[in-house]
There are 2 protein chains.
Amino acid sequence: MTAETQELKDVGLKITHPRIKIMRILLTSEVRHVSAEDVYRLLLGNNEEVGLATVYRVLTQFESAGLVTRHHFEGGHSVFELSPEHHHDHIVCIKCGHVEEFADPDIEARQSEIAKRLGFELTDHDLNMYGICADCR
Amino acid sequence: MTAETQELKDVGLKITHPRIKIMRILLTSEVRHVSAEDVYRLLLGNNEEVGLATVYRVLTQFESAGLVTRHHFEGGHSVFELSPEHHHDHIVCIKCGHVEEFADPDIEARQSEIAKRLGFELTDHDLNMYGICADCR
DNA sequence: CTAGTTGCAAATCATTTGCACTTGC
DNA sequence: GCAAGTGCAAATGATTTGCAACTAG
């Protein structure tokens with residue numbers, strides 16, 4: 001059993017060709033953060049036939065199953081990544097689109113405190129920084 | 001000269017009826033964070049005739065001029081607010097859409113450090129938390 | 001006067017959905 | 001076999017744009 005099918009089985013999703021192919025793209029892509037279009041193009045590049053609508057459906061299912069995490073960066077389209085073992089946030093280069101990840105326990109702790117103080121039961125959060133990376137300066 | 005026309009003049013935008021009306025909505029709305037549709041509906045409620053396309057154009061011009069700030073919350077549409085004097089972040093209720101603002105110097109400081117460490121020249125950032133507010137529990 | 005602005009309708013973009021057809025178990 | 005999944009094309013919702021008509025300075 002390959003890694004892709006194992007992942008699918010683990011979350012109780014039926015093992016289908018499109019789901020296997022899409023999971024393989026996510027597992028092997030050099031770029032960790034991809035849009036639905038990116039996945040679709042990568043599939044085409046591998047001569048894999050999967051409809052764009054299916055890519056959207058499958059990514060959404062993967063998200064519901066917790067396999068992938070959806071982000072809302074600036075620019076109007078969703079970006080997906082395999083759900084990280086450990087939570088992290090992002091800094092995105094506005095010139096080249098390069099994404100760096102980071103995790104900061106202090107920030108996380110402060111966030112929880114703030115949510116509690118404001119009376120919110122926190123379900124999710126998204127900290128995105130935008131700037132110009134070293135290579136683009 | 002009213003507050004609306006002053007704001008427009010200050011940033012060098014021609015004083016037109018739609019721009020005045022839209023700025024007035026932003027200045028007087030009880031809700032600080034509004035979508036383009038919200039602004040459009042508020043205008044209609046005031047019996048003001050402005051096309052939706054113009055609302056989008058004007059909000060985008062206001063953003064370029066620095067008068068308003070655009071946010072990308074979950075849910076697929078942009079949300080605008082008059083540019084705050086002092087930076088703050090947001091926590092959004094996923095049930096009722098209510099938005100609370102907060103500012104935390106510790107988080108801000110950590111962000112700057114992290115950006116510097118990763119070699120980014122920071123231009124912008126967006127920290128959004130999502131949860132269920134006290135009223136919705 | 002005339003460059004900038006608006007309204008409207010049509011266009012675009014990302015994403016979703018209806019439905020007849022296929023496939024995994 | 002049959003419910004679940006897929007492809008395709010059409011629908012959607014947010015936002016943008018082309019263009020002829022208007023208006024601020």
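Nearer to the 5' terminus of DNA chain C, by closest-nucleotide assignment, is the contact made by Leu13(B) (compared with the other of Leu13(B) and Lys14(A)). Comparing Ser35(B) and Ile15(B) along DNA chain D, the residue whose closest nucleotide (by nearest heavy atom) sits nearer the 5' end is Ser35(B). Of the two residues contacting DNA chain D, namely Lys9(B) and Gly76(B), the nearest-nucleotide position lying further toward the 5' end is that of Gly76(B).
Rounding to the nearest 0.5 Å places CD of Glu113(A) at 10.5 Å from CD of Gln111(A).
Contact annotation: His17(B) side-chain N/O to dC22(D) OP1/OP2 distance is not under 4.0 Å. Here Ser78(B) does not reach the OP1 or OP2 of dA14(D): none of its side-chain N or O atoms lies under 4.0 Å away. Within the 4.0 Å cut-off from OP1 or OP2 of dT15(D), at least one side-chain nitrogen or oxygen of Tyr56(B) is found. At dG5(D), none of the side-chain N or O atoms of Arg57(A) fall inside 4.0 Å of OP1 or OP2 (strictly under the cut-off).
Between Leu26(B) and Val68(B) there is a side-chain heavy-atom pair separated by less than 4.5 Å. Residues Val79(A) and Asp38(A) are not in side-chain contact: their nearest non-hydrogen atoms beyond the backbone lie 4.5 Å or more apart.
Set against dG7(C), dA14(D), dG7(D), the side chain of Pro18(B) has dG7(C) as its closest nucleotide. For Thr16(B), the listed nucleotide lying nearest its side chain is dT6(C); candidates were dC8(D), dG7(C), dT6(C).
Note on Glu49(A): only backbone sugar-phosphate atoms sit closer than 4.0 angstrom, heavy atoms only; bases stay farther off.
When His87(B), His90(B), His88(B) are each tested for a ring-ring contact (aromatic ring centres under 6.0 Å, His included) with His125(B), only one passes: His87(B).
For Leu59(A) and dG5(D), the CG to C1' distance is 15 Å, given to the nearest whole Å.
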